[in-house]
There are 2 protein chains.
Amino acid sequence: MPNTAKPPAPGNASLEKGLALFNRIAQDHGQTPLKTLAADMGLPRSTLYRLTGALEQAGLIARLRHRHYTIGLPLAQALHGITPAGQLALLCRPALRQLARACGAAAHLGVMENDMVTYLVKENAATLPAGFSISRENTQLEAYCSGIGKVLLAWLPEAERARYLAGGPFVAMTERTITDPQRLRQTLESVQAQQFARDDGEIADDLYCLAVPLWAGGQPPTAAISLSFPRHAHQPQDDSSHLARLRACAAQLSAQIFP
Amino acid sequence: MPNTAKPPAPGNASLEKGLALFNRIAQDHGQTPLKTLAADMGLPRSTLYRLTGALEQAGLIARLRHRHYTIGLPLAQALHGITPAGQLALLCRPALRQLARACGAAAHLGVMENDMVTYLVKENAATLPAGFSISRENTQLEAYCSGIGKVLLAWLPEAERARYLAGGPFVAMTERTITDPQRLRQTLESVQAQQFARDDGEIADDLYCLAVPLWAGGQPPTAAISLSFPRHAHQPQDDSSHLARLRACAAQLSAQIFP
DNA sequence: ATGAATAGTCCCATATAGTGGGACTATGCC
DNA sequence: GGCATAGTCCCACTATATGGGACTATTCAT
């Protein structure tokens with residue numbers, strides 16, 4: 001499902017090369033000497049210098065001393081206040097709003113920060129009781145008992161996950177909360193196997209939730225989206241259709257957001 | 001001295017157009033419809049769409065809904081932690097270090113923040129007594145009694161300057177500090193006329209300082225650089241050579257930093 | 001709902017515009 | 001001092017971007 005290798009896109013090789021060069025420079029803030037870049041990108045030096053010249057004129061990069069490039073001041077100014085989390089929320093909100101409406105549920109986008117889940121987007125369907133679900137945007141919740149948290153924990157590198165599991169204690173939010181590290185580990189394994197997570201009243205008594213990861217081109221996911229329903233109204237047979245919609249939304253967002 | 005209009009730079013019209021487009025989009029975060037951009041840039045729509053496509057693939061921009069573009073997530077991630085002030089300091093430090101050495105002085109770069117001067121760079125010549133001058137990087141000082149502060153106040157829009165002058169009181173740091181708003185206004189006028197500011201022991205008894213603005217292509221300056229000496233060792237006849245060096249440095253930086 | 005207006009996509013013959021080899025200078029390093 | 005690497009410049013060639021126009025998708029007003 002990852003690797004959304006788009007077609008070659010004809011008609012602007014030059015721009016593409018320039019932008020690829022910019023990305024290389026932006027990645028390590030210009031630590032790599034151009035000679036290396038030339039080798040990596042298979043371009044002659046004269047071309048590279050022409051490209052850097054254009055990037056510099058446009059203010060995207062600036063030179064400091066020999067061999068050292070940086071992000072240009074104009075670009076830094078234009079992007080002041082832009083954060084990865086903010087952009088992620090901006091880009092995902094429309095699709096999540098639509099998803100929430102289509103499923104009559106609450107849709108969330110969350111990422112992991114300091115072993116807690118941070119909710120970046122929350123969109124409630126109009127049909128839900130006002131104020132449904134305890135979450136709020138830009139607030140944090142424990143990871144071990146939320147759908148999004150379980151998804152992100154499930155794909156953590158093993159060392160990280162072990163550290164998290166050892167870090168307890170896991171406080172029970174409801175009588176269904178999983179508090180035993182061993183059982184939590186098993187749950188995470190099945191999350192990875194089934195490619196989705198479920199929270200069946202583990203965080204609040206009347207909350208049922210399904211969550212799936214957002215894939216960033218082959219990398220382990222760092223963001224996940226979820227659908228939440230009032231648990232008392234939940235029909236098990238609805239799960240498959242909700243999961244399908246959730247996955248479709250995740251696939252679309254993954255492709256849209258990560259080039 | 002502003003308007004460092006560089007030569008046409010032949011050989012990459014395509015890249016230039018693409019980057020110009022990106023800058024337009026980055027400026028207003030994609031609020032402007034492409035039709036308007038097409039008119040502004042004198043390019044046919046089909047070309048613009050090809051360019052946006054390339055920018056999108058490279059991760060610099062992303063689309064959200066129709067007519068709305070944003071900074072792409074990959075770019076936001078790559079530039080996480082980059083701030084205008086940080087880049088400005090990075091770009092200016094080498095030249096300031098050299099300037100400090102050449103003049104046997106302390107060289108500063110400062111900007112205005114909340115009516116105070118924030119020092120972004122401080123470079124002391126090795127020949128100065130260790131710990132010379134009270135300033136430290138990333139700390140603030142009153143604007144009305146420092147060289148850099150006077151320069152930035154002098155070029156403030158009149159409304160802003162009037163507000164600042166009305167905002168007193170101006171506390172005397174030494175017996176030479178200018179504390180009368182009317183006298184301060186006159187001083188600022190002469191700063192603008194002479195294109196440099198002097199602080200003759202107004203902030204500390206043994207501190208003499210010359211400051212000039214950095215020009216960002218015709219805009220009123222938002223940053224300034226200065227040279228500071230121990231006042232007791234100051235020879236009036238040295239001023240002109242120091243000023244010349246200071247101005248040369250400012251011109252070089254202005255050209256280098258602002259495209 | 002229906003239609004008009006605008007956004008976005010695709011195609012292709014043409015010549016414009018980028019290419020890269022190489023010769024050259026500047027700069028930094030030993 | 002001299003060597004190695006960074007950065008600049010030039011130019012004939014052809015790969016490459018161009019833009020007109022036909023077409024579809026989406027949005028908005030009525």
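A note on names: the letters A, B, ... follow the listed sequences, proteins ahead of strands, and every chain is numbered from 1. The figures that follow rest on heavy atoms only: side chains count, while hydrogens, waters and symmetry mates do not.
- In this structure, B:Leu34 atom CG and C:dG8 atom P are separated by 6 Å, rounded to whole Å.
- Mapping B:Leu15 and B:Thr52 onto DNA chain C by nearest heavy atom places B:Thr52 at the nucleotide closer to the 5' end.
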Determine, for nucleotides 19-30 of chain C in 5'-to-3' order, which nucleotides have protein heavy atoms under 4.0 Å from the base (write B), from only the sugar-phosphate (write S), or from neither (write -).
-> BBBB----SS--
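- Distance, B:Leu37 CG to C:dA7 P: 11 Å, rounded to whole Å.
- For B:Gln98, the CD atom counts as loosely surrounded, since its 6.0 Å shell holds 12 or fewer non-hydrogen atoms of other residues, nucleotides or ligands.
- Residues meeting the salt bridge (charged side-chain N to carboxylate O under 4.0 Å, His left out) test with A:Arg97, sequence neighbours left out: A:Glu123.
- For CZ of B:Arg101, the number of neighbouring non-hydrogen atoms (other residues, nucleotides, ligands) closer than 6.0 Å is 12 at most.
- Atom CD of B:Gln57 is separated from atom P of C:dT9 by 12 Å (rounded to the nearest Å).
- In this entry the distance linking CG of A:Leu55 with P of C:dG18 reads 14 Å, nearest Å.
- When the P atom of D:dT5 is taken as reference, atom NE2 of A:His68 falls 16 Å away, rounded to whole Å.
- B:Arg45 meets the salt bridge (charged side-chain N to carboxylate O under 4.0 Å, His left out) test with no other residue; sequence neighbours excluded.
- Checking the phosphate oxygens (OP1, OP2) of C:dG8, a side-chain nitrogen or oxygen of B:Tyr49 falls inside 4.0 Å.
- In this pair, B:Tyr119 and B:His108 present their aromatic rings tilted. The plane angle is within the 30 to 60° band.
- Whole-Å rounding puts the A:Glu16 CD to C:dA17 C1' distance at 17 Å.
- Rounded to a whole Å, the CG atom of A:Leu48 is 16 Å from the P atom of D:dC9.
- To the nearest 0.5 Å, the span separating CG on A:Leu73 from CG on B:Leu253 amounts to 11.0 Å.
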